[in-house]
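One-based numbering along the sequence shown. Every number for a ligand or one of its atoms is a count from 1 in the order of the listing. Just so you know, these numbers come straight off a predicted model, no measurement behind them.
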Amino acid sequence: MYDAKKLLKKHFGYDTFRPLQKKVIDHFVSGQDCLVVMPTGGGKSLLFQLPALLRDGTTIVVSPLISLMKDQVDALTANGISATMLNSSIDMQELHNREKKALEGSYKLIYIAPERLGSPHVQKWLAKMKLAALAVDEAHCISQWGHDFRPDYRNLKHFRKNFPEIPIIALTASATKNVQIDIVRELEFSKHKTFISGFYRENLHISVISKTKANQKILNLIQKYCGESVIIYCFSRKETEELSLFLQNKGLKSGVYHAGLLPEERHDVQEKFVRDEIAVVVATVAFGMGIDKPDVRLVIHKTFPKTIEGYYQEIGRAGRDGLDAEVVMLYSAGDKMKLDYFLQQMEDVHRRTSEEKKIQEVMDYASARVCRWQYLTTYFGQTGIEACAQCDVCRSARDMEDATEITQKILSAVIKTGNTFGKGHIVKVLRGSRDKAVLSRDHHKLSVWGIAKEYTTQDLMEYMAQLIAKGFLVRASNEYETYKVGKKGAQFLNEKQKIDLPKMEKEEKIVMHVQEQYDEKLFQILRGLRKKIADDAHVPAFVVFGDVSLRAMARNFPESLDAFARVPGVGTKKL
Ligand code: ADP
Ligand code: MG
Ligand code: ZN
């Protein structure tokens, strides 16, 4: 029997396994196939990297993105593990060279791009090699049902036929039942076991805040993190550029990332982010697939995402190293209009309905006062999480206050204007606006005109959103976003009921977990030193040491080799 824990410390510098890691490794080492579904940051790489050290021969790793391969190979090399990669970024001469060395048994791990596996040359080469195992990273790429189908992954089909004795491990962060079935079938798993870890991530602190003064709020949030890595997701290219400019004017190092940039430009932003040259990337959804940066401390959604799946994936890019990280969604019911416009352009009715449903789910998530983690885990079919301690809802159990009067005013305004207007118009009437739309309809002559002057537009919009969520107001038309008083609303008025609604927030307060103390100044000095070492070695900073290691150094002040060896992330080679 092998001592997995000892190997973990020796080669990777970690003292303990994350949940499920040990079980998967034991199973895989025994020579059986495994399918692993584990959230981003769960520590999937270790599941094939550690077994690779135990087995005779070479483990082949298939991975879809060149940048990911490179980071992993760099990280393994820094830990003293022999690894290399074969993909289109390497010139012919060097490829040849590496293939030759591989046959001599020089590598424990070889990362290969999936398209290469289709070539007969590569198949012949593999047959000559002593193989230990095959690892298929991002295994959902094999399935048409997945959100990122890659035809090249179909090349993996032949692997089992050609090498029936070699165990296979498939890893993914997101796989529905259908995708799991596809993976098992395509890879022709024989006896295998599926390991699914939960979707709950206890180091992610979630909040949803209102979108008023969005830029200022974003700035405040970023400044809390003193130059550490931040990703901000926006709706459009234009929005990313404007926000990035705003942040640059405030003296922050930020860059943009969207589909309108040239591939080189995108690569450049990604590279600078990974190398800690820019701290903030303002991006459209496209950003993040190609990076495994472990120390992203903050992810902000300036506009709410189009699906819960996408949202989960994007927030998952925060805190992969397991340290506290914050994810904040800025929410305004008005944002839905932007998306509605998008939906209206869609010709395929079937698709439009399905996208509308997805957006509604995100709206529900944002406006419901239930634990965010409960909502997310339930959404993905996991039960048992009912309250966390690190989402805004659980943290504050937002104070409720009597909202009977304002509710009466809003409902009256909806009725008096004829049950046929959108939220914006109702709010104008309530606030006593002299807007053309109001005057031309003589709505300034109604008794409800100006009866809620003391409220801000934003607050009134929020109140209306709450009333919609409660079913007091319902859609008046399928075509337009107009509202009428629903059954529950009518009952409320007729029976003179009372109602409590969440207090409108004034300032957002986010209380982080009390983390173990460390010397912040020393941490910053170490970050600077890490960057220098990384630049000299042409690797990303986290390859040198992760934040977990730097914080431990800034907490324990190791002064001897023994003490330094106890720092997490310090294995034999780095020591
Ligand atoms: P995934 O592929 O599941 O998204 P990674 O393999 O990239 O996750 O690992 C995420 C981070 O967790 C990495 O920084 C990795 O070094 C770290 N990590 C993995 N296993 C452990 C462990 N047992 N203890 C501490 N850190 C770990
Ligand atoms: Mg991974
Ligand atoms: Zn919660």
Between Lys9, Lys22, Arg18, which one has a non-hydrogen atom sitting closest to atom 27 (C) of ligand 1?
Arg18

Hey, is Pro294 touching ligand 1 through its side chain, its backbone, both or neither, going by heavy atoms under 4.0 Å?
side chain

Does Arg551 make a cation-pi contact with Phe523, if we ask for NZ or CZ under 6.0 Å from the ring centre and within 45° of the axis?
yes

Using ring centroids (six-membered ring only for Trp), state whether Tyr257 and Phe273 fall under 6.0 Å.
no

Check step by step if side chain to side chain donor-acceptor pair (under 3.5 Å) holds for Glu186 and Tyr153.
CA-CA 9 Å; Glu186 286 293 317; Tyr153 262 64; over 6 Å; no

Any heavy atom of Pro39 under 4.0 Å from ligand 1? The part involved is backbone

Short side-chain donor-acceptor distance under 3.5 Å, Glu520 and Gln524
yes

Part of Thr16 with heavy atoms under 4.0 Å of ligand 1, whether side chain, backbone, both or neither
backbone

Non-hydrogen atoms of Pro558 and Met553 that approach each other most closely
CD-O, 3.6 Å

Checking side chain to side chain donor-acceptor pair (under 3.5 Å) for the pair Asp562/Ser560: CA distance, chi angles, key distance, verdict?
CA-CA 5 Å; Asp562 270 357; Ser560 65; 5.5 Å; no

Residue pair Tyr365, Tyr311: steps toward the side chain to side chain donor-acceptor pair (under 3.5 Å) verdict:
CA-CA 11 Å; Tyr365 166 81; Tyr311 173 70; 3.0 Å; yes

Under 4.0 Å from any heavy atom of Gly41, which atoms of ligand 1 are there?
1 (P), 3 (O), 4 (O), 8 (O), 10 (C)

What is the number of protein N, O or S atoms that sit under 2.8 Å away from the Zn ion (ligand 3)?
4

Of the backbone atoms (N, CA, C, O) and the side-chain heavy atoms from C-beta on, which set of Met38 has a member under 4.0 Å from an atom of ligand 1: side chain, backbone, both, or neither?
neither

Listing request: all ring-ring contact (aromatic ring centres under 6.0 Å, His included) pairs with a residue in residues 16-63, at least two apart in sequence or in separate chains.
His27-Phe195

Applying a heavy-atom cut-off of 4.0 Å, say which part of Tyr14 lies close to ligand 1: side chain, backbone, both or neither.
side chain

May I ask whether Gly42 has any heavy atom positioned less than 4.0 angstrom from an atom of ligand 1?
yes

Closest to atom 5 (P) of ligand 1 among protein heavy atoms sits Ser45 OG, 3.6 Å

Show your working on side-chain contact (heavy atoms from CB on, under 4.5 Å) between Lys293 and Arg317 and close with a plain yes or no.
CA-CA 8 Å; Lys293 198 172 190 332; Arg317 293 179 184 135; over 6 Å; no

Rounded at 0.5 Å granularity, tell me how far OG1 in Thr16 sits from NZ in Lys22.
13.0 Å

Closer than 4.0 Å and a protein heavy atom, does any atom meet both conditions relative to atom 13 (C) of ligand 1?
no

Heteroatom proximity flag, Thr40 to ligand 1, N/O under 3.5 Å:
no

In terms of residue, atom name and distance, what is the protein heavy atom nearest to atom 8 (O) of ligand 1?
Gly43 N, 3.2 Å

Side chains of Ile90 and Thr84: does their closest heavy-atom pair fall under 4.5 Å?
no

Students should be able to answer this: which protein heavy-atom is nearest to atom 3 (O) of ligand 1, and at what distance?
Lys44 NZ, 2.8 Å

Could you check if a side-chain atom of Phe199 sits within less than 4.5 angstrom of a side-chain atom of Ile385, using non-hydrogen atoms only?
no

